[in-house]
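Per chain, numbering begins at 1; letters A, B, ... match sequence-line order.
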Amino acid sequence: YTTFPGNTKWKTNKLTYRIVNYTPDLPQSEVDRAIENALQVWARVTPLRFTRLYSGTADIMISFGRGDHGDGYPFDGPDGTLAHAFAPSVGIGGDAHFDEDETFTSRSSSGYNLFLVAAHEFGHALGLSHSTDPGALMYPVYSYTDPERFSLPLDDIRGIQSLYGPNPDVTPEKPDPEKPTPPTTPNACDPNLVIDGITTLRGEMMVFKNRFFWRVYPQSNQPELTLIKSFWPDIPDNIDAAYESIKADRVFIFKGEKVWALSGYDVVSGYPKTLSSMGLPATVKRITAALYDEVSGKTLFFDNKYYYSYDETKRQMDKGYPKLVEKSFVGMQGGVTAALQYRGFTYLFSGSNMHEFSSRSKKLHRVLRSNYFLGC
Amino acid sequence: APLLPPLSSTQDQKVVETYLMKFYDLKNETDSDPHRGVHQMTLKLKEMQQFFGLEVTGVMDSNTLEVMKKPRCGVPDLAE
């Protein structure tokens with residue numbers, strides 16, 4: 001997280017706000033609710049308390065405007081810049097302006113969710129600048145999260161509490177039961193990293209963990225951490241498995257009994273489908289890993305210590321499955337939690353270990369750490 | 001790979017300049033001293049790539065351009 005120079009902050013914890021005008025995109029009651037909830041995001045973790053004014057000048061003046069709206073920082077039409085806010089100070093300080101050329105929504109992943117945009121802007125109004133953590137609310141790029149399940153990430157909590165301290169009404173021993181532990185951002189260099197899924201994608205590689213995935217480019221040793229929902233709002237977090245079908249030129253992503261398909265970075269319509277659409281028996285309720293084996297032309301679906309073999313050409317399961325993984329991949333230990341075939345090797349992940357097998361002989365070569373491809 | 005059609009690369013050039021001026025305080029001084037302007041642009045591009053965890057090259061690439069085209073907050077990324 002970062003704060004403004006001199007750790008600019010309000011001198012008082014009791015602040016006022018006023019909604020000066022409304023966007024026609026939403027009923028006024030929805031705007032009121034989104035603004036109130038966005039302020040509560042910060043009140044919940046600090047001593048800050050907000051009172052609404054309906055006239056006169058408040059510390060945080062909230063307004064909607066388009067193009068040149070009088071503060072010397074004109075908006076730019078639809079998309080691009082969504083909103084901005086000013087650091088704590090008198091006058092325009094603390095004010096938040098929303099670009100009326102955007103479509104603000106309150107309950108869907110389409111358009112821009114007003115609660116999320118407002119919560120971010122109020123972070124500025126209270127003294128936070130942008131964060132480099134892609135999972136933080138104060139990250140500059142917008143990405144959709146279900147507002148009903150929003151939980152302020154730890155990076156933002158640390159930032160705002162560095163200015164105002166914790167919420168005196170919440171005793172740390174008895175944290176708020178409704179609020180889960182704050183979400184954190186995975187560290188590529190954590191030697192104990194356990195990944196959810198891994199796949200190639202037209203020469204790149206994607207490594208999935210919680211709400212994120214790393215994009216690994218062959219020509220670069222700098223993997224890029226990104227929120228899954230910043231690319232695909234409808235793909236779930238915490239996936240079970242992913243693999244690339246070279247034959248279908250698709251990436252398939254699995255969670256529970258559902259499967260989604262990507263063509264490049266576009267979601268394929270008509271998904272999610274069920275696991276049985278991939279040939280898996282109805283008894284299989286989830287898989288833990290998947291890979292496409294170029295040697296045999298088969299797709300292997302793993303369910304912990306067992307695996308199935310699927311023939312994409314015949315579009316049916318091969319006979320005699322499921323089999324024990326360690327029977328075919330001698331030396332494999334533990335349930336398979338992710339799988340990949342890459343440059344002639346088959347990688348089977350189990351917890352923080354990655355087992356490297358020769359794709360042709362299925363001979364175990366090495367046991368490496370799960371973050372091997374993340375350039376640490 | 002096919003070269004970007006002139007329009008889109010000029011358009012993209014504009015996207016890059018506007019973005020760096022808005023969020024990384026690139027000064028609009030390229031007219032006076034082109035060499036200094038190019039140097040400034042490279043520095044600011046590196047700052048932006050560093051901030052977003054991209055490959056820090058100071059050279060425009062598709063991943064950097066992709067990030068620049070994403071919807072975002074209008075507050076600069078440089079706290080000061």
Contact class of [X] relative to chain B, heavy atoms under 4.5 angstrom:
X      : result
A:Y112 : side chain
A:Y73  : neither
A:E121 : side chain
A:T8   : neither
A:T3   : backbone
A:F75  : neither
A:S129 : side chain
A:D76  : side chain

### Task
Enumerate by number any residue of residues 70-77 of chain B whose heavy atoms lie under 4.5 Å from heavy atoms of chain A; in the absence of such residues, state 'none'.
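Heavy-atom contacts from residues 70-77 of chain B to chain A are B:K70, B:P71, B:R72, B:C73, B:G74, B:V75, B:P76, B:D77.
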
### Task
Would you mind telling me which of A:P223, A:S143, A:A83 has the largest number of heavy-atom pairs within less than 4.5 Å of chain B?
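Most pairs with chain B among the choices: A:A83.
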
Could you tell me which portion of [X] (side chain, backbone, both or neither) has an atom closer than 4.5 angstrom to a non-hydrogen atom of chain A?
X     : value
B:Q49 : neither
B:K22 : side chain
B:Y19 : neither

### Query
So does A:R202 have more than 12 non-hydrogen atoms from other groups sitting under 6.0 Å from CZ?
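Yes, CZ of A:R202 has more than 12 neighbouring heavy atoms, counting only those of other groups under 6.0 Å.
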
Working to the nearest 0.5 angstrom, can you tell me the gap between [X] [atom1] and [Y] [atom2]?
X      : Y      : atom1 : atom2 : value
B:K69  : A:D79  : NZ    : CG    : 12.5 Å
A:Q222 : B:N63  : CD    : CG    : 11.0 Å
B:T64  : A:E224 : OG1   : CD    : 8.0 Å

### Task
Describe, in one word, how the ring planes of B:F51 and A:H130 are oriented to each other, choosing from parallel (under 30°), tilted (30 to 60°) and perpendicular (over 60°).
perpendicular

#### Entry: Residue-level contacts of residues 60-67 of chain A with chain B, using a heavy-atom cutoff under 4.5 Å
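Those residues of residues 60-67 of chain A which would need a heavy atom under 4.5 Å from chain B do not exist here.
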
